[in-house]
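Only one structure is covered here, and it is reproduced in the block below.
This one's a predicted model, so the numbers in the text were calculated from it and none came from an experiment. Counting starts at 1 for both ligands and their atoms, following the listed order.
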Amino acid sequence: MELLNIKNLDLAGKKVFIRCDFNVPMDEFGNISDDRRIRSALSTINFCLDQNCAVILASHLGRPKGKVVEKYSLVSVARRVKHLLKREVILSKDVVGSDAIEKAKSLKPSEVLLLENLRYEAGETENNKELSEKLASMADFYINDAFGVSHRAHSSVEGITCFFDEKHKAAGFLLQKEIEFFSKLIEKPVRPFAAIIGGSKISGKLEALTNLLTRVDKIIIGGGMAFTFLKQMGYDIGASLVEDDLLEDAQHIMDEAKRLGVKFYLPVDVVAAEKFSEDSISKLVPVQEIPSGWMGLDIGPATVRLYREVLSDVQTVLWNGPMGVYEMDKFARGSNKIAHFVADSYATTVVGGGDTADLVQKVGVDEEISFISTGGGATLELLEGKILPGVAPLIVK
Ligand code: AMP
């Protein structure tokens, strides 16, 4: 899959609209706690500035659901972009209102304008054509560098591309890099190839799991989703997270794994707690011995040892989803240990998904991972074999 390349556009001195993914995590005071997504967009922005472009940046932040909600304003993002670019960044008061339109119109070469949160406009998530047209009218060129949101057919991601021909739109460097990396990973992985899949539920990852079965040699399961498999196998899982409506799907995945010769691993022990709380009493138990009414909130040490063994000979590792409730220190050990092991491995290691990226950063091993994707949902849809709606219009025909 070849994407329209930003380097082939005649950008010099023109106005460029760059759809970024600045949907960064914030603490309770509105401070940005991880600016990876902003830093990842800098090469595309700087490339345009180096060509003396007037640059219009646009992003969403959180879910304001079509209304102006102050806590989702891009004020802090504008400040961080300014700091990282080391140049002035103008923030418009609205998205496509008179302020934004006026500021976009008067924007001069080498100046940077950031539009307010795209999702202040209800039309954004509805892929509203009028909104796309207004956004498109601001610039001569459209660049998509928002990998994290390219699986959404939204106005600034999909609809807008209809207003630019092939000489006036392209994928930014981040989008290119992500798509190239995942295409290679899916088409030609160095084997053995293992996928570590965790997180809360099977439901969000069902298709990805099914699709991965045909591509990987080993699947390692952790997190809350393990309990649906364990229940289906006949274990008493107490009050652990379970999706009863997916028991059959869980069985189907295990049957398919067997049929395809894919080695499938589930936890053998867990950290069980009486309540879903950091101060709950907890104990280590084999999965056969989860006390009635207790819930498994992390993988146990025997599972960590088993998974280390399973991973010791692999050449490619893809990891999506934590092994337990890593947000609480008490239930983070399994995820932390796996993070260290993955980071120390000589294999090509790929981390996808916001939680897992956050986790490896917290553990401090992010520099040791071969590739950390900025997308969660988008990586899963790529793994499902889908062509993302934000990417399809940028494929070279
Ligand atoms: P996901 O968004 O599906 O990748 O899930 C990530 C979330 O799963 C994290 O917030 C974890 O706290 C949560 N999680 C992981 N393991 C468990 C578990 N055993 N029980 C409940 N939640 C879990």
So how far is it from [X] [atom1] to [Y] [atom2], rounded to the nearest 0.5 Å?
X    : Y    : atom1 : atom2 : result
I186 : F193 : CD1   : CZ    : 6.0 Å
L359 : E327 : CG    : CD    : 9.0 Å
L382 : I387 : CG    : CD1   : 9.5 Å

Single-linkage hydrophobic cluster L42~F147, side-chain heavy atoms < 4.5 angstrom: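 In one cluster with L42: F147, no.
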Are any of the N/O atoms in [X] less than 3.5 Å from those in ligand 1?
X    : value
N320 : no
L241 : no
Y326 : no
E327 : yes
P322 : no

What atoms of ligand 1 come closer than 4.0 angstrom to any heavy atom of [X]?
X    : answer
G296 : 18 (C), 19 (N), 20 (N)
F227 : 19 (N)
L297 : 19 (N), 20 (N)
K205 : 1 (P), 3 (O), 4 (O)

Y265 and Y307 aromatic ring geometry - parallel, tilted or perpendicular at 30°/60° bounds: perpendicular
Parallel, tilted or perpendicular: ring planes of F47 versus F173, cut at 30 and 60 degrees: perpendicular
Region of [X] that comes within reach of ligand 1 [heavy atoms, distance under 4.0 Å]:
X    : result
M225 : neither
F331 : neither
D355 : side chain

How far is [atom] from the closest protein heavy atom, and which atom is that?
atom                    : value
atom 22 (N) of ligand 1 : V325 CG2, 3.6 Å
atom 17 (C) of ligand 1 : G224 N, 3.3 Å
atom 8 (O) of ligand 1  : S200 N, 3.1 Å

Among the heavy atoms of [X], does any lie under 4.0 Å from an atom of ligand 1?
X    : value
G324 : yes
G353 : no
M295 : no

Atom CZ of R63 with >12 non-hydrogen neighbours under 6.0 angstrom: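 Result for CZ/R63: open.
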Steps toward salt bridge (charged side-chain N to carboxylate O under 4.0 Å, His left out) verdict (K231, D244): CA-CA 9 Å; K231 180 166 182 183; D244 282 315; 2.8 Å; yes
Presence of salt bridge, E121 and K65, under 4.0 angstrom: no
Trace of the salt bridge (charged side-chain N to carboxylate O under 4.0 Å, His left out) decision for E124 with R19: CA-CA 12 Å; E124 166 65 359; R19 175 47 159 116; 3.4 Å; yes
Check against salt bridge (charged side-chain N to carboxylate O under 4.0 Å, His left out), D313 and K218: CA-CA 11 Å; D313 71 335; K218 308 182 184 198; 2.9 Å; yes
